[in-house]
Amino acid sequence: MRFKEKIAWFLAMGGLLFFHFYRLQLHTLNFPNWGDDYAFLELLDYVQKHDWKENVTYIFHFHNDIHRLAYSRIWILIQYALLGHLNFKTAIILANVQLVLILIPFHWFLQKIKRSPWHLVGIAALLLAPFGNIDNFNLIGVLQHTGSILFLVWIAYGLFYAENQVWFIILALFYPFVSTEGLAFLPMVGYVLWTKKSHLKIPFTVFALAVIVFYFHDYEGSTSSAGQVTWSLFKGLFIFLGNWALPISDSFRASINFLAGIPVLLFFTWKILGSFRINITFPSLLFLQIAATGLLICYGRSGMGDLELIALSDRFLLYGNTMLMAIYCALIFHKHQTLRLPWALLLSGTWMIASFFMARRPLQEMHQRWTADLLGAYYFQSSSAYECPPETMQLLKKTYYRFDTEEIPRQFPEFSVQKTSPIHPTINRFQEGRLSLSWNQIPEKTNVTDQRFVVLAQENTPEKKYYITSLSNDYTDRTKHSKLLIFNTLPMAHFQVFLLNLPNNQYPTYQYLSALTITNQGQLLR
């Protein structure tokens, strides 16, 4: 490229990356966004009380009975060693640097097949498409799932373009300790090495078997999976393969994803078996691993609920972006099938813009939900989003974590019942500790930037308990919703319900809504 073209290329790449990290800075909070994030606080608490041998063992021990997240734990320990505390926002932003590292093998891939470096802009637009990066705003998500994509891309590149080097073998053997799907990738790596008659095939096979034995040597099993091969499992897999489809309809999202997964499967089946012999390339290997990941997720979680909802989870959207990158690379892999650069940039750029608009509301809703969790933990020492026992909540008071004062309102109201006409929820449900409320009569907010929350004060307890949750779908002329977790063990629990309004950089205000009573049979009474 000429000098001016290089400047334009760097500006384009820099703009895409700046846009992504700006949104991270805007939406993330220094707080555990998921219950799994507390595992990192537990890690720091553990390592300060045990010797180095016990700490090494702890780094590799199971998380949720199946995952050995050594990579994520090492990442957090390094940050803690450098900064002296765990700041979740900083950790999330630093972990997103993995996206930059993912682009490096794609850049080398383009050089190997002699394609324009501008194709990397198209690939970066797909990788950084906002809707597919929602999981990168969670610490456990960006470390486990983005880390998985990072290892996948580097190993796949090394297999085909650095086959006599050892570094990608080391990455492949460590991959299962980044995310569990790394186990499924070991046989694929072995197959490619044996078909290429690499001198590393025997050493890799021996060490891969050792890794598998070590991974399961103390595995006690889990009851989360039904362990059955059914149509719903394959339907979930097709939905997972279609996670690149943008949610143009909430009602038909599962069906859209299902239909989107079919052409992907047919396309790569043709690429791999079209010449009546197995032909695995760098792009098709990415597809095979994503398909294997989807199969593992659907099979392993088949006993945890609706597989459609599980496959559609925000936590797996980055795999959809990676699928698009694999398709992009497959379309430019052979010269006679080359996707022309102008069309490639137009399609990927359009996709990224559409993805941005699709991601706006989900990110706003997530940020508000995280803010509710933050306020609940800071003011009420409780969580309304997930089960969080008191001993876990106490981890937030340790020396290695500090709340950011800029994220906390300067003053919080003392909630009291007001003599106003009550505003009752129109639809309510209490099941298995999960309270769901819907509201039609709540006044619209005066400023679109305000965040509003529902606060429940439980009265018939020795010490009044407060629960706070976000008011979702808080847009003009919409039915608002709020969901929270309440473990009600009393025969009858009486609550006073308030609407909390949190303006930007101003003091919060509140409005009394109504009284609410929950019986231990799950009935809600006004």
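In this chain, residues are counted from 1 in sequence order.
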Using the benzene-type ring in the case of Trp, are the ring centres of [X] and [Y] under 6.0 Å apart?
{"X": "Phe160", "Y": "Phe282", "result": "no"}
{"X": "Phe151", "Y": "Tyr71", "result": "yes"}
{"X": "Tyr401", "Y": "His85", "result": "no"}

Within the structure provided, determine whether Tyr157 and Leu286 are in side-chain contact (heavy-atom separation under 4.5 Å).
no
Just wondering, do Tyr175 and Leu186 contact through their side chains at under 4.5 Å, heavy atoms?
no
Report the C-alpha distance between Leu318 and His145 in whole Å, list the side-chain angles of each, state the deciding distance to 0.1 Å, and finish with yes or no for side chain to side chain contact (heavy atoms under 4.5 Å, CB included).
CA-CA 8 Å; Leu318 188 62; His145 299 128; 5.5 Å; no
For residues 345-364, pull every pair meeting ring pair (Phe, Tyr, Trp, His ring centres under 6.0 Å), keeping only residues two or more places apart or in separate chains.
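Listed by first then second residue: Phe19-Phe356, Trp244-Trp351.
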To the nearest 0.5 Å, tell me how far [X] [atom1] sits from [Y] [atom2].
{"X": "Leu233", "Y": "Lys235", "atom1": "CG", "atom2": "NZ", "answer": "12.5 Å"}
{"X": "Ile239", "Y": "Ser255", "atom1": "CD1", "atom2": "OG", "answer": "7.5 Å"}
{"X": "Leu44", "Y": "Lys398", "atom1": "CG", "atom2": "NZ", "answer": "11.5 Å"}

Taking atom types as modelled, find out whether [X] and [Y] have a side-chain donor-acceptor pair closer than 3.5 angstrom.
{"X": "Ser383", "Y": "Asp373", "answer": "no"}
{"X": "Tyr386", "Y": "Asp36", "answer": "no"}
{"X": "Trp194", "Y": "Thr205", "answer": "yes"}
{"X": "Ser72", "Y": "Gln144", "answer": "no"}
{"X": "Asn55", "Y": "His50", "answer": "no"}
{"X": "Glu181", "Y": "Tyr319", "answer": "yes"}

I'd like to check the ring-ring contact (aromatic ring centres under 6.0 Å, His included) partners of Tyr328; sequence neighbours left out, ordered by chain and number.
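Scan of Tyr328 (ring-ring contact (aromatic ring centres under 6.0 Å, His included), adjacent residues dropped) gives His119.
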Face-on cation placement of Arg68 at Tyr215 ring, 6.0 Å and 45° thresholds
yes
Using the side chain to side chain contact (heavy atoms under 4.5 Å, CB included) rule, pick out the option among Leu69, Val47, Leu139 that qualifies with Ile76.
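One option only clears the test, and that one is Leu139.
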Given Asn87, Asn30, Leu24, the one that forms side chain to side chain contact (heavy atoms under 4.5 Å, CB included) with Ile92:
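When side chain to side chain contact (heavy atoms under 4.5 Å, CB included) is applied between Ile92 and each of Asn87, Asn30, Leu24, only Leu24 qualifies.
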